[in-house]
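See below for the structure under consideration.
Sequence lines set the chain letters: A, B, ... in the order given, protein chains first and strands last, and positions in each chain run from 1. Computed over heavy atoms, backbone and side chain alike; hydrogens, waters and symmetry mates excluded.
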Protein chains: 2
Amino acid sequence: MTNNKPVTIKDVAKHLGIAFSTVSRALHGKPYVSAELRARVEAAAAELGYVPNAGARMLHKPYGSSIGLVIPDFPNQLFATAAQIFATRFAQEGLNLMLGVSGDDPETELRQVMALREARVAGIAIATCGRSLDRTVELLRSIPTVDLADRSVNLQFPTVTLDDEQSLLLATTHLLQLGHRTIAYIGGESALGTGQRRLAGFNAAMASYGVEPLPRLIQQGPLTVDFARMATIRLMNAAVRPTGLVVANSLQTEGAVDAIASLGLRLPDDLSLLGYGDASWFKLYGKGITTIDTRTVDLANAGVDILLERMTAFEQGRSHDENPIRYTLQCNLIQRGSTGVPPS
Amino acid sequence: MTNNKPVTIKDVAKHLGIAFSTVSRALHGKPYVSAELRARVEAAAAELGYVPNAGARMLHKPYGSSIGLVIPDFPNQLFATAAQIFATRFAQEGLNLMLGVSGDDPETELRQVMALREARVAGIAIATCGRSLDRTVELLRSIPTVDLADRSVNLQFPTVTLDDEQSLLLATTHLLQLGHRTIAYIGGESALGTGQRRLAGFNAAMASYGVEPLPRLIQQGPLTVDFARMATIRLMNAAVRPTGLVVANSLQTEGAVDAIASLGLRLPDDLSLLGYGDASWFKLYGKGITTIDTRTVDLANAGVDILLERMTAFEQGRSHDENPIRYTLQCNLIQRGSTGVPPS
DNA sequence: GTGAAAGCGCTAACAT
DNA sequence: ATGTTAGCGCTTTCAC
C-alpha cells in the first residue's frame, strides 16, 4: 500500500489533532514540547511514513544540506578517491554529495557549478579543468569552495594540493642518483598548474646535478594513456635514446608502460621508468613500478577538512580570505623494480 | 562586490517595476510574454545575478531535478563507471546526480536512500549491498528505481545486469576446452545474487563436461583483494593443486594475480588464470590476462535508459510493474596469455 | 506547552 | 499580455 501523495507535517498534525507547528518543533527536538507529545508525534510520523521535504526546509536558510563535488573525470585515481571520501565523510555530517563531471570542458564545468548553485549547496570542492571560465570563478566566489589539486594557474581559492614540484624533484633525483643523465619527461601541459610545477621540479633536479635537459626529451600533452603511449614510442625511437623516463601523471604512466611493453623493452635493463601515483597494479607489474605516492586519500581528506572549515567560516560571516589557505602535501618515493642503474 | 543575500525573482521584478509572476513566466519561456519584456527580464536577471532556487521550485512538483545513485564502493570498476556515466548522461537531461556510498553496509545504505528521499530525487539507481533492509526496499518502491547488477536475491526491481551465469559458463568452458579438469573457482558468496549465479555458471560448465567440481576448490568470500589473495595461496598449497583458476570478480582477480606472483608461479605454464572484468592493466600484465569483459559501460548506459523510462512511466501514472523489466547483458571472453593447456 | 499566523521563493490559477 | 492571489511544506515569530 504505497501512498501516492507524500505525507507532510500537516498530515501528521491532523492525524494527531494538533497544530502542525507543534509537529515541526517535536520533530526537531526543540524545547517546550512535552516528552509525552514528542513521543506521540514521532510515532505518528513513523506510522504515516512522513519524510521531510529538504527543499521546503531550505527556504528558510541561505543554503541546503548538500555539498557539491566537481571533477574532470573518473579514470584519474585522485578523483575517484575524492568522490568516495567526500561522499562518505560528508554523509557523516548529514550532508549529501552532488556530483558533477566536467569532462575537462570549461563550458560543462560552468554548467555543473551553476546547477550546484541552483541546488543551494553549502559548499563546493572542485578540481578545475584548468581553463575555467570567469563566470565559473565568480560563481564559486559566492560559495565556500576548496580547490583540489590546484590545476588552474592563479585561482586564489583555498587549495589542497600535492607538492608537485617536490614530487618530481624526488622522482628525477632518484634517477640521477642511479647514474642516469639522459632522462626523458612525460607530463601535462604547462597550462595546467600541476603540469607547470611538476616540470619545474624535473628541471630543478636536473639543474642541481648540472645536467642540461634536452628539449626533445620533454613531452607535454593531454593527461591520457594514448598521448603517453605515443610520446614514449617517439622518445624511444629517437636518435638520442633516454636511459630513464619520468612520468608526471598516473594515466600517462599507464600509457608509458603499455608502450614499453609493446616495444619489447625490459625494465629496468633497457630503461628505468619512474611512474606517478599509486595505482593498485603498479606493485604487480614486472618487478614492480617505482613510483611517486601521490597520497590521494590524504589529499581528499584534507579537502574535506578545509571545506568544512570554510563552511563554518561562511556561516560566521568570515567569508573569503584574501590570503586563502594552501595545504600542501609532501610525496613519497616508492622504490620498486622498474628503476636501476643505466645500461652501460 | 559579492552580494550577500541571494537575488530572488521578486528583486528582479522590483528592479523592473513589474509583477514577479511575469518574471517567472518570462524566465521559463511561457507563452503570453512580449518578446521585448522577456528580453528586458533576462537582461535584468543576468545583471542582478539571479539564480533560481531549486528547492522552492520543487515545492510545486512531487520531486526535484536530481536523481540518486547509491553504490557500495568505488574500487569496483563497475561502480566508478556507473558514477561517471550517470553524472554525464543525466546532466544532459538537466538532472543532477546525488551520490551515496553505502560501503556495503545495510544501515548506511538505508541512510543514503532516506537522504535521497528527503531530497525528493526523481529516481534512484542502486547497486545494493546484497542484504538491504526491508525499510530500504519499501522506500525504493515509492520512487522510480533501477537495480544495477542485481546483487540482492529476489528484489523485484527493474534490473540491468550481466548474464552472470553465462559469464562463468564462458570462462569455465574456455579452460575445459584447453583440457583443464582440475579447476578452482574464487567468487563472491552465494548470499549475493551475482555470486550465486556465477557459481551456477561454473557448475553448469563443469557438469556439461562431466567433471565433478571439488568442493575444496571452490572458494567463496568477500569481494576483496585480500580474500582472493589468501584463497589463491590456500588453493595452490593444497594437496590437490588445480591447473586452472577462474575468478568471478574484478577485485578478487587482482588478489589472485598478486598471490600467483608472490608464489612465483608463471602464467600460463604453472597455472591458467581466467580473470573477471576489464581493468585497464589486465592487457599489460605478463602476456595479458585472459578475462571476461563485463561491459561496464554498456551496463551503466542501459541503467540510465531504464531509469529514464521508469521516470516517464511514473510521471504518467504507470508506476511499479508487477513484472519488472530485466535487461541482461551477454559477456565476451577476451583471450590473452594467462590461459593455456594444462601442464603435463 | 501549544496554537495561530506570517513568510521563505516560486508556480499556477485566476483576474483583468 | 500583464497583475493579483493562492498555496507548496516548512520554520519561526508571536500570541495565549
Give one of base, sugar-phosphate or nothing for [X], where a contact means two heavy atoms less than 4.0 Å apart.
{"X": "A/T8", "answer": "sugar-phosphate"}
{"X": "B/P52", "answer": "sugar-phosphate"}
{"X": "A/S24", "answer": "base"}

Point to revise | Any donor-acceptor N/O pair under 3.5 Å between C/dG1 base and A/R38 side chain | key: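 Looking at the base of C/dG1, it does not pair with any donor or acceptor on the side chain of A/R38 (distance under 3.5 Å).
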Check your understanding: What about B/R120: does its side chain form a donor-acceptor pair under 3.5 Å with the base of D/dG9?
Key ->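 Counting by modelled atom types and ignoring angles, no donor-acceptor contact under 3.5 Å is found here.
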Is the phosphate of [N], meaning OP1 or OP2, less than 4.0 Å from a side-chain N or O of [X]?
{"X": "B/S34", "N": "D/dA1", "value": "no"}
{"X": "A/R57", "N": "D/dC10", "value": "no"}
{"X": "B/Y32", "N": "C/dA13", "value": "no"}
{"X": "B/K30", "N": "C/dA12", "value": "yes"}
{"X": "A/S21", "N": "D/dT12", "value": "no"}

Review point. What do the steps show when you test B/S132 against B/E109 for side-chain hydrogen bond (donor to acceptor under 3.5 Å, both in side chains), and what is the final call?
Key: CA-CA 7 Å; B/S132 303; B/E109 183 182 81; 2.6 Å; yes
Non-hydrogen atoms of [X] and [Y] that approach each other most closely:
{"X": "A/R151", "Y": "A/P72", "value": "NH1-CG, 3.4 Å"}
{"X": "A/P62", "Y": "A/R120", "value": "O-CD, 3.7 Å"}
{"X": "B/I18", "Y": "B/L37", "value": "CD1-CD2, 4.1 Å"}

Rounded distance (Å) that lies between atom [atom2] of [N] and atom [atom1] of [X]:
{"X": "A/I18", "N": "C/dA4", "atom1": "CD1", "atom2": "P", "value": "11 Å"}
{"X": "A/L27", "N": "D/dT12", "atom1": "CG", "atom2": "C1'", "value": "16 Å"}
{"X": "B/K61", "N": "D/dG9", "atom1": "NZ", "atom2": "C1'", "value": "16 Å"}
{"X": "A/L59", "N": "D/dT11", "atom1": "CG", "atom2": "P", "value": "10 Å"}
{"X": "A/L16", "N": "C/dG1", "atom1": "CG", "atom2": "C1'", "value": "15 Å"}
{"X": "B/E36", "N": "D/dT2", "atom1": "CD", "atom2": "C1'", "value": "13 Å"}
{"X": "B/Y50", "N": "C/dG9", "atom1": "OH", "atom2": "C1'", "value": "7 Å"}
{"X": "A/M58", "N": "D/dG9", "atom1": "CE", "atom2": "C1'", "value": "12 Å"}

Side chain of [X], heavy atoms from C-beta onward: which of [options] has the nearest atom to it?
{"X": "A/R25", "options": "D/dT13, D/dG9, C/dC10", "result": "D/dT13"}
{"X": "B/H60", "options": "C/dG9, D/dT5, D/dC10", "result": "C/dG9"}
{"X": "A/A56", "options": "D/dG9, C/dT2, D/dT2", "result": "D/dG9"}

Review point. Starting at the 5' end of DNA chain D and moving along, which residue's nearest nucleotide shows up first, A/K10 or A/H28?
Key: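 The residue closer to the strand's 5' end, by nearest nucleotide, is A/K10.
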Check your understanding: Are the side chain of A/R38 and the backbone of A/K30 linked by a donor-acceptor contact shorter than 3.5 Å?
Key ->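 Present.
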Check your understanding: For A/E138 and A/R135, what are the C-alpha separation, side-chain angles and deciding distance, and is it a salt bridge (charged side-chain N to carboxylate O under 4.0 Å, His left out)?
Key -> CA-CA 5 Å; A/E138 186 192 323; A/R135 176 113 183 77; 3.7 Å; yes
